[in-house]
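To keep things clear, I will list the structure first and then write my remarks on it.
When a residue number appears, it is its place in the shown sequence, counting from 1.
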Amino acid sequence: MKKKMLILIIPLIVVVLLTGLWLYSNTGLKGFEKEVSNFVLPANVEKIALKSGIGDSGGNGDYSTYRVVLVVKTKMSIQELNEEFENRNLTFSSHIVNSDKPICYITHCENSVFKSDREFTLEFDELKNVKDFNNYYFIEFIK
């Protein structure tokens with residue numbers, strides 16, 4: 001009897017663990033990060049790094065807003081990058097189509113630390129050895 005129970009319990013535990021792992025990597029913050037990571041950038045834009053975290057949206061202060069920040073290197077200006085994202089008519093699960101909010105927020109890198117307007121900070125080790133930040137940009141996606 002104990003052997004039969006063990007044969008039933010072990011596969012059940014494996015299924016529960018695999019389901020949990022799938023949910024962790026395909027939903028929530030990790031799912032949003034994966035969605036942004038799979039985005040195909042224009043040929044003249046190089047992806048340097050990607051990080052995510054949870055921060056404040058400025059609304060109710062519950063610090064439950066998902067944020068994914070992509071670091072890119074390109075000779076394009078911020079205006080050209082914004083136009084590129086707008087012209088592609090992109091949608092992510094986080095973006096409400098036909099809303100007045102942009103799909104992303106682009107800021108120029110000044111150092112290896114991204115600081116949002118809403119008390120959210122990410123440090124990118126990949127930028128620590130960069131001396132000239134002229135062609136580096138942070139692209140922030142918010143959900």
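The backbone N or O of Met76 lies less than 3.5 Å from a partner atom in the side chain of Tyr137, making a donor-acceptor pair.
Under a cut-off of 6.0 angstrom, the local environment of NZ in Lys73 is sparse, with at most 12 non-hydrogen atoms contributed by other residues, nucleotides or ligands. Surrounding CD of Glu110 are at most 12 heavy atoms belonging to other residues, nucleotides or ligands under 6.0 Å away. More than 12 heavy atoms of other residues, nucleotides or ligands lie within 6.0 Å of CG in Asn38, so this atom counts as buried by the packing criterion.
Of all heavy-atom pairs spanning Asp132 and Val130, the tightest one is O-CG1, 3.4 Å. When all heavy atoms of Asn44 and Thr74 are compared, the closest pair comes out as O-OG1, 2.9 Å. The heavy-atom pair separating Val68 from Ser52 by the smallest distance is CG2-CB, 3.9 Å. The two atoms that bring Cys109 and Leu127 nearest to each other are SG-CD1, 4.3 Å, heavy atoms only.
Separating the NE2 atom in His108 from the OH atom in Tyr136 is a distance of 10.5 Å, to the nearest 0.5 Å. Rounding to the nearest 0.5 angstrom, the gap separating the OH atom in Tyr105 from the CG atom in Asn82 is 10.5 Å. In this structure, the separation between CD on Glu46 and CG on Asn135 is 10.5 Å, given to the nearest 0.5 Å. Here CG of Asn134 is found 9.5 Å from NZ of Lys75. Values are rounded to the nearest 0.5 Å. Rounded to the nearest 0.5 Å, atoms OG (Ser77) and CD (Glu84) are 11.5 Å apart. Expressed to the nearest 0.5 Å, how far CZ of Arg67 lies from CD1 of Ile142 amounts to 4.0 Å.
With sequence neighbours excluded, no residue forms a salt bridge (Lys or Arg N to Asp or Glu O under 4.0 Å) with Glu126. Checked against ring-ring contact (aromatic ring centres under 6.0 Å, His included), Phe138 has the following partners two or more places apart in sequence or in another chain: Phe114, Phe124.
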>> What verdict does the side chain to side chain contact (heavy atoms under 4.5 Å, CB included) test give for Lys47 and Ser37, after you've listed the backbone C-alpha separation in whole Å, the side-chain angles of each residue and the deciding distance to 0.1 Å?
In response: CA-CA 9 Å; Lys47 183 192 301 186; Ser37 179; 3.6 Å; yes
> Are Leu50 and Glu33 close enough, and set up right, to give a side chain to side chain contact (heavy atoms under 4.5 Å, CB included), and what steps lead you there?
Replying inline: CA-CA 8 Å; Leu50 179 106; Glu33 183 179 305; 3.3 Å; yes
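Val113 and Leu70 are members of different hydrophobic clusters when ILVMFWY side chains are connected at heavy-atom separations under 4.5 Å.
Under 4.0 Å is where a charged nitrogen must lie from a carboxylate oxygen, and between Lys128 and Glu123 at least one such pair does.
The closest side-chain heavy-atom distance from Leu81 to Val45 is below 4.5 Å.
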